[in-house]
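Every value quoted in this text rests on a predicted model; they were computed, and no experiment measured them. All residue numbers in this chain count up from 1 along the given sequence.
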Amino acid sequence: MPQENSKINPDSVAKASNTRNKEHSRKVNGKSEIKLTFDKASSQFIKGGGGPDPETPHTNGRVGAFPEENITYTWSGINVFTSGVEEQGSKLVNGVKNLFCKSRRSQLPSRKHILKNVTGVAYPGELLAIMGSSGAGKTTLLNTLTFRNSSSIIVNGQRAVNGIPINSTTLASLSAYVQQDDLFIGTLTVREHLIFQALVRMDRHIPVYQRMQRVEEVIADLALSKCQNTVIGTPGRLKGISGGEMKRLSFASEVLTNPPVMFCDEPTSGLDSFMAQNVVTVLKNMANKKKTIICTIHQPSSEVYAMFDKILLMAEGRVAFIGSPAQANEFFSSLGAACPSNYNPADYFIQLLAVVPSREETCRNTIEMVCDTFDRSEYGIKLAQATELRGDLQAKAILGGKMDIFSNGNVANRSPYKANWWTQFKAVLWRSWLSVRKDPTLMKVRLLQTLMVSIMIGLIYFGQNLDQDGVMNINGALFICLTNMTFQNVFAVISVFCSELPLFMREHQNGMYRVDVYFLCKTLAEVPIFLAIPVIFTSVMYYMVHLNPIFSRFLTATLIITMVSTVATSFGYLISCISSSVSVALSIGPPVIIPFLLFGGFFLNAGCNIQLLAVVPSREETCRNTIEMVCDTFDRSEYGIKLAQATELRGDLQAKAILGGKMDIFSNGNVANRSPYKANWWTQFKAVLWRSWLSVRKDPTLMKVRLLQTLMVSIMIGLIYFGQNLDQDGVMNINGALFICLTNMTFQNVFAVISVFCSELPLFMREHQNGMYRVDVYFLCKTLAEVPIFLAIPVIFTSVMYYMVHLNPIFSRFLTATLIITMVSTVATSFGYLISCISSSVSVALSIGPPVIIPFLLFGGFFLNAGSVPAYFKWLSYLSWFKYGNEALLINQWSGIDDIACTRANTTCPKNGQVVLETFNFSEVELAKLG
């Protein structure tokens, strides 16, 4: 067991401290940066030894320019604080928070001091490992060194390269950052990924053939030859390379440009000890090539620990020690806390500097004593000297003057991008196109859904005649084409940018490409499919419906639908860009589309109230032989033989098992009927429902967004259809308002829940297979937890818009309308859950949703007269909640209306409510049947 941190000998600490106080009393030389390294032969710090003197860096004759190698990275006086409140999510969501949440800034605790006067240095040719217990500040320090802290973090202190202060842009052009999470485009192969990296990250003056040679070198150096033509893969969706290969690929991506400085955030995380040692060996080999390597690492093995040139021990946000492993042993020995000879030094030091629960005060006192002792030690004093700024810059930095130290050189204007705009564009477009082409599932789904919907629309509206019913049906067919193209294209791309945001942010911050390049390429890569879809759609249904047979009219219709499809796709990209997550995007989408749908002239007479508004849409064989030999040896060994004996069946059952008889050996006991579930159904139900409800209640953002969108849409519908009169225009507008209510409730509720089950599938599968709860329990609880919000939404919606539109004023009719819209909302939510359950991913669910809803929308009686439904589709109309909802709402609205004013001549005008219902082939008797 390691020595307890509370048992450090204070007398030893005082003795060590007094021995070194003389060093502390010396005045620090401020004229130039003193670069010190530890000479093992003399056991002393000496000047130089880690590359050229920072005073005279290799600059290729450029004044103020950084060297491209032998870089010493220093940081001094780093203090990091939290700002007190962290704003997350999109601007839109934050606006909702500000609207609904009362400000609590005055109630927030004072800011937290995370890093406290942290100083350090990393030399070329050395591998520096930042270690410490959880919460010690390792990751925060690394993020600070790379200028990657969030906006809610306040950072003070200096970061410098060879004694020259540096900014984030310049550091990005000189360094590489291997983050803990591996983010890739899963459909690309290893080679394709590295080619893309070479195109956008290597210097723009390097010819293409040299870039490809560098790709081959990196593949060979990092042992990726075996998997170079294998797709990277996406966890849980597309099988690809192994975890170790993926981690090596992360390194390969960064070493392509041969950066002089490399930062790595826990590079061994998630790897076994063998793979972890391999990864650190890669880092060590890079350091041996005069690279400056800085990494954080969590509990390395003793073999891995021995590979580090320097270690930096963090504790409670302070530096407890920085130096070589040998110097660490010497330092802690002087404190009376020497590492036991047969103990892993990394584990020992981390435990020594950890805050142990129930002994927090003692541990923090020990940590403070160790850190203070290090600051006064020889190591600490010389570290302070090594991290000084260059003499001519120090005063300016302290005085806060503008550090335009690169004004006479090329570094000030150094772009974070290695490639020019056109090279970035070609590379990103090539990768985006590969990603689309190598993931044909979604493409096939989109094409299939287009064919299915177009054929269905063609069959439903087949062979329309130019008569009164035909005019209504043709107009409905044309508008449903626009509606289908809009929803299909918007929800096909609505998850693109928010789902790829982590990858984009990493690559953009690494200086790989600009924002506009990424957006243009992502859009253009899918242009062929988004152009093909409307052409196929129109070509299939146009002549089936018997639309205008002139060929030029067909071409014009195809062009119009293609343009609408393109606008809808762009609108989907807009929603995706402004949303912080897929869930938020799905909540925003439908209510934003509905107002544009209203102004299409189908739900609202264009000349009625609003006339100025327009619609804007390497050794395998040797290893396998060794493995086979070991396994065979084990099978023949004493252990293997005893294992076989221990696992034999009982004698009276062996024959039956061999003969295939039923082994009901537990028929007289309780084991045969043992359930995999520890809790009974009711206990499972209460627990899962409680957790689901907590999940909903503690994540109020989506709930607030849904309520806000409900209010916005209901108010907008109320304003658009405000104060309708009972005349021929009012009849059309009221009917449009009622049907748009059903459409809004359907799309809003379907897409609010469509991602629930497929996004939680990994968690559900793990817990269900562990015998925690049944499938039905999970489904019921997930549904019931959100029932209150899904009941409140239609009530609020109807209450706001009903009397604004001047619908039937009788209060009982209002209650009936509220009940009908609530029932439609509930059915739509259940239908959204169904699509979510049968979909393997959110993307598939979003591709399935719109085309499955459209047929039900057609049978609502608004786009197609109920009496014109083909006999072969009559059965399908009975499954449409639009049909029942629209019929019920219209009967509720028009029954009992005896007089409708006819204010214009030469137009069709229903005389009373009964005529309106007969126009749709609805009957008042049907309302009683619904009851």
Donor-acceptor check, side chain of [X] to backbone of [Y], threshold 3.5 angstrom: yes or no?
| X | Y | answer |
| --- | --- | --- |
| Asn912 | Val915 | yes |
| Ser565 | Ile561 | no |
| Thr562 | Thr558 | yes |
| Asn489 | Met485 | yes |
| Asn892 | Arg813 | yes |
| Asn725 | Asp727 | no |

How close do [X] and [Y] get, counting heavy atoms only, and between which atoms?
| X | Y | answer |
| --- | --- | --- |
| Gly913 | Ile900 | N-CD1, 4.0 Å |
| Ala525 | Leu429 | N-CD1, 4.0 Å |
| Asn484 | Phe537 | ND2-CE1, 3.4 Å |
| His546 | Gln464 | CB-O, 3.6 Å |
| Thr798 | Ala817 | CG2-C, 4.4 Å |
| Tyr461 | Gly476 | OH-C, 3.8 Å |

Could you please spell out the steps behind the side chain to side chain contact (heavy atoms under 4.5 Å, CB included) verdict for Ile529 and Leu447?
CA-CA 8 Å; Ile529 186 67; Leu447 290 174; 3.7 Å; yes

Can you establish whether the number of heavy atoms outside Met544 located under 6.0 Å from its atom CE is more than 12?
yes

Flag yes if more than 12 heavy atoms outside Phe462 fall under 6.0 Å of its CZ atom; otherwise flag no.
no

Which value, rounded to the nearest 0.5 Å, describes the distance between [X] atom [atom1] and [Y] atom [atom2]?
| X | Y | atom1 | atom2 | answer |
| --- | --- | --- | --- | --- |
| Leu819 | Phe814 | CG | CZ | 11.5 Å |
| Met541 | Ile460 | CE | CD1 | 10.5 Å |
| Tyr884 | Leu879 | OH | CG | 7.5 Å |
| Phe882 | Leu857 | CZ | CG | 4.5 Å |
| Tyr802 | Leu738 | OH | CG | 8.0 Å |
| Ser895 | Leu917 | OG | CG | 7.0 Å |

My understanding is that only residues two or more places apart in sequence, or in another chain, count here; which of them pass side chain to side chain contact (heavy atoms under 4.5 Å, CB included) with Ser830?
none

Any heavy-atom pair between the side chains of Asp899 and Leu726 that's under 4.5 Å?
no

Close side-chain approach of Val916 to Gln893, heavy-atom, < 4.5 Å
no

Please verify the inter-ring angle class for Phe751 with Phe747; under 30° counts as parallel, over 60° as perpendicular, anything in between as tilted.
parallel

With salt bridge (Lys or Arg N to Asp or Glu O under 4.0 Å) as the test, would you mind laying out the steps for Glu786 and Lys782 before giving the verdict?
CA-CA 7 Å; Glu786 293 194 343; Lys782 286 297 295 182; 5.6 Å; no

Output, in order, the C-alpha distance, side-chain angles, deciding distance and verdict of side chain to side chain contact (heavy atoms under 4.5 Å, CB included) for Phe571 and Thr486.
CA-CA 9 Å; Phe571 191 72; Thr486 298; over 6 Å; no

Run the side chain to side chain contact (heavy atoms under 4.5 Å, CB included) test on Ile457 and Val453 for me, step by step, so that the C-alpha distance in whole Å, both residues' side-chain angles and the decisive distance to 0.1 Å come before the verdict.
CA-CA 6 Å; Ile457 292 176; Val453 174; 3.8 Å; yes

Set out, in order, the CA-CA distance, both residues' side-chain angles and the distance that settles side chain to side chain contact (heavy atoms under 4.5 Å, CB included) for Thr826 and Trp881, then state yes or no.
CA-CA 10 Å; Thr826 305; Trp881 59 90; over 6 Å; no

